[in-house]
Number of protein chains: 2
Amino acid sequence: MKATTGHERLARRGVMMVISSPSGAGKGTLSRLLLEQDKEIELSISVTTRGRRPSEIDGVHYHFIEKSHFRSMAENNELLEWAEVHGNYYGTPRAPVEKALEAGRDVLFDVDWQGAAQIRDRMPDDVAAIFILPPSMAELRSRLTRRAEDADDVIEKRLVNARYEIQEWTRFDYVVINDDLEGAFNDLKSILTAERLKRERISNSVGGFIERLLG
Amino acid sequence: MKATTGHERLARRGVMMVISSPSGAGKGTLSRLLLEQDKEIELSISVTTRGRRPSEIDGVHYHFIEKSHFRSMAENNELLEWAEVHGNYYGTPRAPVEKALEAGRDVLFDVDWQGAAQIRDRMPDDVAAIFILPPSMAELRSRLTRRAEDADDVIEKRLVNARYEIQEWTRFDYVVINDDLEGAFNDLKSILTAERLKRERISNSVGGFIERLLG
């Protein structure tokens, strides 16, 4: 298997890359950059029971499903994590993830720390969990204000939540400070490259490679 | 603490980077490049009881010591690994490694798989062990011939040894194929960057960082 550089890489099991951060710390921007620039990683698409908004496409932003369907998925262990928010259910389906990992494709999960903890509990050997920290609370406030998505009271609520979320950093494998987008993005790419080279992920193919090497 | 890019990094415990490969697979070249380009990593200097050669400098190539000194170091658990080769003893002193790690500097070990296994046994939480594979035995032979350091019978012996050494790949954390120097070097740098961002290595400083963040 050849990587984009032409450098030889062994066939491997995919990486489950879990990225989490308080709102405004740059998780969304970093995820988007990674998905654009790296053709071996894809975003996990959640299922939800809430109604589709006019701006959303079924199968792209979410898989929109009925509550009865969601319940049966949860009961049959077909969800890697799920949560209820304002009476609606959101979850990560297991089957597409298993399929991607077996095919050597990586899956990106943009989830909160509770979601990250559930996913890691269910797939401990496959997960690389990264926590993104803002350089300061002042910078976090200024980013939330600059992106102009939220009313002032919503921003205040996000900042209060951030103070709680930040304290969950111990649940993650890696910690990256997003003071500088390019630096943080390079850190993220290095983590993904290193995880892909881990012995456990290539153990099925390295045996064959060595047989050919010594044959 | 600022990294060379200007991107903010947390103070951290250093990485013990162990690189191993069969002779001719490129371990020496890759190590030299890493030491030249990355100012936070330094080479571990072994102690040896063999005589200094005219081309060697004490404290640079080796620390040249008496057999009695070596024995007392081994007995006092002051060596991370050691071996006897043709009646001479070689070992890796522990004290400078501990000192570097505590100061947040990384240490590179260019050792065979037995050395790597001993070091990992003694410092399991600090080691990132990388195994470099040649792309083929034909390429390995051609590199050993091209570098023109060894007589033909020595090359044959190195190739026989390589066949044994390659089978020890399961003792390592990462496996890199050196088919292309630039690609393999980028893999190595990514592994080092990722290891530096691991939660365990920054756990002493991230607490303080978060206190300042929230305070």
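Hydrogens, waters and symmetry mates play no part in the numbers below; they use all other heavy atoms, side chains included. Throughout, protein chains are lettered first and strands after them, A, B, ... in sequence-line order, and every chain is numbered starting at 1.
Heavy-atom contacts from other residues, nucleotides or ligands closer than 6.0 Å to CG of B/Asn76 number more than 12. More than 12 heavy atoms of other residues, nucleotides or ligands lie within 6.0 Å of CZ in B/Arg146, so this atom counts as buried by the packing criterion. In the displayed structure, A/Glu211 atom CD is contacted under 6.0 Å by at most 12 heavy atoms of other residues, nucleotides or ligands.
Using a 4.5 Å heavy-atom cutoff, the side chains of A/Ile191 and B/Thr193 are not in contact.
The structure places CG of A/Asp180 at 10.5 Å from CD of B/Glu8, a figure rounded to the nearest 0.5 Å. Atom CE of residue B/Met137 and atom CG of residue A/Leu214 lie 6.0 Å apart, to the nearest 0.5 angstrom. The structure places CG of B/Leu213 at 4.5 Å from CD1 of A/Ile166, a figure rounded to the nearest 0.5 Å. For the atom pair CD1 of B/Ile210 and CZ of A/Arg163, the computed distance is 11.5 Å after rounding to the nearest 0.5 Å. A distance of 9.0 Å separates CD in B/Glu200 from OH in A/Tyr174, rounded to the nearest 0.5 Å. The CD1 atom of B/Ile130 sits 13.0 Å away from the CZ atom of A/Arg199 when rounded to the nearest 0.5 Å.
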Could you walk me through whether A/His7 and B/Asp187 pass side chain to side chain donor-acceptor pair (under 3.5 Å), step by step?
CA-CA 10 Å; A/His7 170 44; B/Asp187 284 350; 2.7 Å; yes
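Neither the backbone nor the side chain of A/Glu139 comes within less than 4.5 Å of any heavy atom in chain B. Within the 4.5 angstrom heavy-atom criterion, no atom of B/Glu182 approaches chain A. Residue A/Leu188: no heavy atom, backbone or side chain, is found under 4.5 Å from chain B. Looking at A/Phe209, only its side chain comes within 4.5 Å of chain B, counting heavy atoms on both sides.
Between chain B and the options A/Asn178, A/Leu192, A/Val206, A/Leu140, the largest number of non-hydrogen pairs under 4.5 Å is found for A/Val206. In terms of heavy-atom pairs under 4.5 Å with chain B, the best-connected choice from A/Ala162, A/Pro135, A/Gly207 is A/Pro135.
Minimum heavy-atom separation, B/Ala194 to A/Ala194: CB-CB, 3.6 Å.
With A/Ile177 as reference, B/Leu10 is the one residue of B/Ile202, B/Leu197, B/Leu10 to meet the side chain to side chain contact (heavy atoms under 4.5 Å, CB included) rule.
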